[in-house]
J.: 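Sending over a structure as structure tokens; questions will come in a sec.
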Amino acid sequence: VQLQASGGGLVRAGGSLRLSCTASGFSLDYYHISWFRQAPGKEREVVSCISSYDSATYYTDTVTGRFSISRDNAANTVYLQMNGLRPEDTAVYYCATSRLSLFGSPCPVEEDDNNVWGQGTQVTVSS
């Protein structure tokens with residue numbers, strides 16, 4: 001059971017990137033998927049979440065209107081489209097999921113309740 005995050009890179013302010021989170025060993029259909037990020041010297045924070053049962057979405061205030069999360073169950077992949085990137089978006093981005101998804105939990109769940117994490121992908125935005 002694994003999540004594989006990819007798609008990070010170096011981009012100028014105002015640019016775009018699309019992150020992918022692909023599952024192996026289980027089907028994403030039944031799980032919420034969250035994206036977190038951790039900038040140097042800062043705590044990890046939740047960025048976005050997409051729910052399993054109705055694909056409802058959540059965004060933290062700082063990315064609302066710029067980021068868009070979506071899922072392709074056939075590809076077993078969740079995407080995070082990031083537009084209008086800013087230097088303060090620079091961080092390592094992680095995708096994660098929780099078995100609590102199977103029991104109607106909210107999306108996102110508490111950070112510590114995520115039991116499967118991807119390895120992280122670096123996003124660097126230059127000014």
Side-chain angles (χ1 to χ4, degrees):
V1 176
Q2 288 185 328
L3 292 174
Q4 178 80 27
S6 62
L10 172 63
V11 65
R12 291 186 176 183
S16 298
L17 285 172
R18 188 177 78 160
L19 305 184
S20 298
C21 177
T22 300
S24 59
F26 70 104
S27 174
L28 284 182
D29 298 35
Y30 305 106
Y31 291 85
H32 305 335
I33 301 295
S34 297
W35 284 98
F36 291 79
R37 66 185 179 186
Q38 187 165 23
K42 294 188 177 181
E43 292 187 353
R44 188 158 55 188
E45 63 171 346
V46 64
V47 175
S48 183
C49 184
I50 186 164
S51 73
S52 58
Y53 33 83
D54 60 1
S55 292
T57 57
Y58 163 87
Y59 302 95
T60 193
D61 288 347
T62 54
V63 308
T64 297
R66 300 188 297 124
F67 290 12
S68 177
I69 191 170
S70 62
R71 63 194 306 143
D72 182 344
N73 289 338
N76 221 23
T77 299
V78 167
Y79 302 100
L80 185 67
Q81 178 68 43
M82 306 187 296
N83 299 326
L85 283 162
R86 304 167 180 170
E88 53 265 38
D89 295 317
T90 294
V92 178
Y93 284 70
Y94 302 88
C95 56
T97 191
S98 169
R99 66 172 65 92
L100 295 178
S101 308
L102 302 175
F103 305 102
S105 68
C107 176
V109 300
E110 295 294 326
E111 180 178 337
D112 289 345
D113 288 331
N114 287 280
N115 58 291
V116 181
W117 289 83
Q119 84 286 5
T121 184
Q122 176 70 48
V123 172
T124 303
V125 185
S126 63
S127 57

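Heavy-atom basis, side chains included; hydrogens, waters and symmetry copies ignored.
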J.: Do you know which two heavy atoms are closest between P87 and A13, and how far apart they sit?
T.: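 Closest approach of P87 to A13, heavy atoms only: CD-CB, 4.1 Å.
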J.: Can you find a heavy atom in the side chain of S16 that is under 4.5 Å from one in the side chain of Q81?
T.: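 Yes; the side chains approach each other to less than 4.5 Å.
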J.: Could you tell me the separation between the CZ atom of R66 and the OH atom of Y59, rounded to the nearest 0.5 Å?
T.: 12.0 Å
J.: To the nearest 0.5 Å, how far apart are CZ in R12 and OG in S126?
T.: 6.0 Å
J.: Does any N or O in the side chain of S51 come within less than 3.5 Å of the main-chain N or O of C107, such that one atom is a donor and the other an acceptor?
T.: no
J.: Could you see if L28 belongs to whatever hydrophobic cluster contains V1? Use Ile, Leu, Val, Met, Phe, Trp, Tyr and a side-chain cutoff under 4.5 Å.
T.: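 Yes, because L28 and V1 connect within a single hydrophobic cluster, where side-chain heavy atoms sit under 4.5 Å apart.
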J.: Ignoring hydrogens, what is the shortest heavy-atom contact between G8 and V123? Give both atom names and the distance.
T.: CA-CG2, 4.1 Å
J.: Could you give me the CA-CA distance, side-chain angles and deciding distance for D61 and T64, then say whether side chain to side chain donor-acceptor pair (under 3.5 Å) is met?
T.: CA-CA 5 Å; D61 288 347; T64 297; 4.7 Å; no
J.: Could you check whether any side-chain N or O of N73 sits under 3.5 Å from a backbone N or O of N76, counting only pairs where one atom can act as donor and the other as acceptor?
T.: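 It does not hold such a pair.
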J.: With rounding to the nearest 0.5 angstrom, report the CG to CH2 distance, L19 to W35.
T.: 4.5 Å
J.: Find out whether Q4 and Q119 are in side-chain contact, i.e. whether some heavy atom of one side chain is under 4.5 Å from a heavy atom of the other.
T.: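 When only atoms from C-beta onward are counted, Q119 and Q4 do touch, with a gap below 4.5 Å.
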J.: Within this structure, what is the OG-CG distance for the pair S34 and L3, rounded to the nearest 0.5 Å?
T.: 10.5 Å
J.: Determine the minimum heavy-atom distance between C95 and I33, stating which atoms define it.
T.: CB-CG2, 4.4 Å
J.: Taking atom types as modelled, is there a side-chain donor on T77 or T22 under 3.5 Å from an acceptor on the other?
T.: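 The answer is yes; a qualifying pair exists.
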J.: Taking the six-membered ring of W117 as reference, does the cationic atom of R44 (NZ for Lys, CZ for Arg) lie under 6.0 Å from its centre and within 45° of its axis?
T.: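 Yes, cation above the ring, under 6.0 Å and within 45°.
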J.: Would you say S52's side chain and D29's backbone share a donor-acceptor pair under 3.5 angstrom?
T.: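 It does not hold such a pair.
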J.: Please assess S48 against L80 for the test side-chain contact (heavy atoms from CB on, under 4.5 Å), listing each intermediate value before the final yes or no.
T.: CA-CA 8 Å; S48 183; L80 185 67; 4.1 Å; yes
J.: Are I50 and L17 joined in one hydrophobic group, where the rule is that I, L, V, M, F, W and Y side chains link up if heavy atoms are under 4.5 Å apart?
T.: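 Yes; L17 is reachable from I50 via cluster members.
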J.: Look at atom OH of Y30 and say whether more than 12 heavy atoms of other residues, nucleotides or ligands are closer to it than 6.0 Å.
T.: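 12 or below, so no.
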J.: According to a 4.5 Å side-chain heavy-atom criterion applied to Ile, Leu, Val, Met, Phe, Trp and Tyr, with indirect links allowed, do V78 and V63 form part of one hydrophobic cluster?
T.: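 In one cluster with V78: V63, yes.
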J.: After noting the C-alpha distance and the side-chain angles of M82 and Y93, does the key distance pass the side-chain contact (heavy atoms from CB on, under 4.5 Å) rule?
T.: CA-CA 12 Å; M82 306 187 296; Y93 284 70; 3.9 Å; yes
J.: Name the one of D89, T121, V92 that satisfies side chain to side chain contact (heavy atoms under 4.5 Å, CB included) with R37?
T.: D89
J.: Is it true that a side-chain atom of E45 and a backbone atom of F36 form a donor plus acceptor pair closer than 3.5 Å?
T.: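 Such a contact is absent between E45 side chain and F36 backbone.
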J.: Short question: side chain of N114, backbone of V116 - any donor-acceptor pair under 3.5 Å?
T.: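 Absent.
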J.: Would Q122 and T124 count as a side chain to side chain donor-acceptor pair (under 3.5 Å) here? Give the steps.
T.: CA-CA 6 Å; Q122 176 70 48; T124 303; 3.3 Å; yes
J.: Can you confirm whether Y58 sits close enough to V46 that some side-chain heavy atom of one is under 4.5 Å from a side-chain heavy atom of the other?
T.: yes
J.: Say you draw a straight line from OG of S105 to CD of E110; how long is it, rounded to the nearest 0.5 Å?
T.: 10.5 Å
J.: Any idea how F26 and Y31 line up, ring-wise: parallel (<30°), tilted (30 to 60°), or perpendicular (>60°)?
T.: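 Rings of F26 and Y31: perpendicular, over 60°.
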J.: Quick check: closest heavy atoms across C49 and H32, and the distance to 0.1 Å?
T.: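 So the two residues come closest at SG-CB, 4.1 Å.
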J.: Roughly how far, to the nearest 0.5 Å, is CG of N115 from OG1 of T97?
T.: 7.0 Å
